[in-house]
Number of protein chains: 2
Amino acid sequence: MANSHLPLDSFMPYRLSFTAGLVSEHIAHAYETQFGIDVPQWRVLAWIAERDGITQQEICQRTRMDKVSVSRAAIALNRRGLVERRPHARDGRSHMLALTPSGISLYEQIVPRARELESRIFAQFSDEEREGFMAILRKIDAAATALHKAGTPGHPPDDRQWPEALDE
Amino acid sequence: MANSHLPLDSFMPYRLSFTAGLVSEHIAHAYETQFGIDVPQWRVLAWIAERDGITQQEICQRTRMDKVSVSRAAIALNRRGLVERRPHARDGRSHMLALTPSGISLYEQIVPRARELESRIFAQFSDEEREGFMAILRKIDAAATALHKAGTPGHPPDDRQWPEALDE
DNA sequence: CAAAACTGGTATCATTTGACACCAATTTTG
DNA sequence: CAAAATTGGTGTCAAATGATACCAGTTTTG
């Protein structure tokens with residue numbers, strides 16, 4: 001087993017997930033306690049702010065959230081009077097989402113706070129480092145997406161390799 | 001609102017979480033279909049492989065998993081005959097976890113596959129880039145952890161700023 | 001050394017999350 | 001242009017996750 005050792009701690013996907021979780025937790029807590037909004041809601045809100053009149057499934061595409069989560073977040077935001085859902089001109093099934101005045105106002109409160117949180121965590125890095133870091137993240141996205149489409153070669157659909165469940 | 005604009009897409013915590021999610025999904029799917037093991041189980045397994053005789057809450061500390069998840073994973077792994085739970089010599093409440101032969105064997109099957117997945121995703125980067133990337137992740141961990149302990153200054157426990165829930 | 005405070009681990013319950021089925025509107029096809 | 005297939009969005013149900021309560025064993029304290 002000596003040779004097959006893999007220190008989880010330096011296994012990239014693990015580290016990535018670990019750090020992301022840590023940061024997420026921190027941010028989520030801040031949004032929750034300070035603005036009463038959860039992360040999915042924040043994401044939806046932010047994308048609407050960015051592209052007025054965006055539809056729900058456009059948000060799905062950009063965020064990788066599934067449509068159910070987006071739907072729930074949109075409904076919640078609407079209930080709170082933060083977003084408005086206008087009928088879509090060309091497609092009767094769809095909604096065009098837009099911020100209401102109070103949605104805008106909340107967004108404007110959150111943004112500086114978000115920037116502050118971000119810069120607290122990333123304060124120690126130079127602009128070059130941040131840029132480089134971001135660039136790598138984007139490349140990883142591209143690679144992972146490409147792989148995903150390609151499937152996992154060498155492993156046909158149903159080649160389970162583990163002993164039949166001793167469970168139950 | 002012009003000025004308070006924040007492109008989510010270049011907001012670091014978002015990007016981090018986005019990429020980590022993407023990679024996680026990919027990895028999780030591979031473990032699941034090829035070895036019938038989920039991510040929490042894999043993490044527990046890997047830590048046991050690394051430190052034979054580790055206890056559950058040591059795993060909690062190292063992985064940030066909560067003790068319930070670790071417990072569940074440990075029980076599942078035990079049921080499958082992959083890990084053994086010996087009584088702890090000095091503490092009757094605790095278990096010392098160790099891999100059984102088939103646990104070792106499974107681990108040894110997973111490791112090369114994990115390395116392969118990792119290298120597929122990170123193939124395009126030089127060693128320096130990877131090192132740098134890892135280093136940044138670790139620094140972020142440190143910063144986030146420090147902040148977490150410090151709390152969020154400037155915001156006393158209960159200063160909600162959002163309008164009372166229009167929900168329901 | 002008994003009582004109180006604490007800790008490792010598990011069971012239980014509530015909440016979150018996502019998979020699936022479904023509806024209405026739209027697009028495609030023959 | 002009707003029938004079939006597709007798509008945006010939501011309701012519903014099932015699995016995953018986390019908070020809380022709890023139990024047994026351990027440490028602390030008076």
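Sequence lines set the chain letters: A, B, ... in the order given, protein chains first and strands last, and positions in each chain run from 1. This structure is a prediction, so every number in the text was calculated from the model and none was measured.
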Handout entry: Segment of DNA chain D, first to last nucleotide, that comes within the 4.0 Å heavy-atom reach of chain A
Key =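 Contact span on the strand: D/dT7 to D/dG11.
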Practice task
Check step by step if salt bridge (charged side-chain N to carboxylate O under 4.0 Å, His left out) holds for A/Arg120 and A/Glu118.
Solution key: CA-CA 5 Å; A/Arg120 251 191 245 276; A/Glu118 183 189 36; over 6 Å; no
Handout entry: Partners passing side-chain hydrogen bond (donor to acceptor under 3.5 Å, both in side chains) against A/Arg51 (at least two apart in sequence or in another chain)
Key =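 So A/Arg51 forms no side-chain hydrogen bond (donor to acceptor under 3.5 Å, both in side chains) with any residue.
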Practice task
Tell me, please, which residues at least two apart from A/Arg72 pass side-chain hydrogen bond (donor to acceptor under 3.5 Å, both in side chains).
Solution key: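 Testing A/Arg72 for side-chain hydrogen bond (donor to acceptor under 3.5 Å, both in side chains), a comparison that skips the adjacent residues, returns none.
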Practice task
Could you list the residues that satisfy salt bridge (Lys or Arg N to Asp or Glu O under 4.0 Å) with A/Arg138, not counting sequence neighbours?
Solution key: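 Result, salt bridge (Lys or Arg N to Asp or Glu O under 4.0 Å) vs A/Arg138: B/Asp9.
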Exercise for the section: Not counting sequence neighbours, list each pair that qualifies as a ring-ring contact (aromatic ring centres under 6.0 Å, His included) and has a residue in residues 43-99 of chain B. Expected result: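 Sorted result for residues 43-99 of chain B: empty, none.
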Handout entry: Derivation and outcome, salt bridge (charged side-chain N to carboxylate O under 4.0 Å, His left out), residues B/Glu128 and B/Arg130
Key = CA-CA 5 Å; B/Glu128 290 76 26; B/Arg130 295 186 204 201; over 6 Å; no
Exercise for the section: Ignoring backbone atoms, test whether B/Ser94 places a side-chain nitrogen or oxygen under 4.0 Å from the OP1 or OP2 oxygen of C/dG9. Expected result: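 So the side-chain polar atoms of B/Ser94 do come within 4.0 Å of the phosphate oxygens OP1 or OP2 of C/dG9, strictly under.
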Exercise for the section: Determine: side-chain N/O of B/Gln57 to OP1/OP2 of C/dG8, distance under 4.0 Å, yes or no. Expected result: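 Yes, such a contact exists.
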Practice task
Give the ring-plane orientation class for B/Tyr107 versus B/Trp42, where under 30° counts as parallel, over 60° as perpendicular and anything between as tilted.
Solution key: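 Parallel.
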Handout entry: Pair A/Gln57-A/Arg62, side-chain donor/acceptor within less than 3.5 Å
Key =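 Side chains of A/Gln57 and A/Arg62: no pair found under 3.5 Å.
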Problem - B/Gln61 vs B/Ile75, nearer the 5' end of DNA chain C by closest nucleotide - result: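 Counting from the 5' end, the first nearest nucleotide belongs to B/Gln61.
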Handout entry: Under 4.0 Å protein heavy-atom contact, by nucleotide of nucleotides 15-26 of chain C - B base, S sugar-phosphate only
Key = --BBBB---BBS
Exercise for the section: Indicate, with a heavy-atom threshold strictly under 4.0 Å, whether B/His95 touches base, sugar-phosphate, or nothing. Expected result: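 Sugar-phosphate only.
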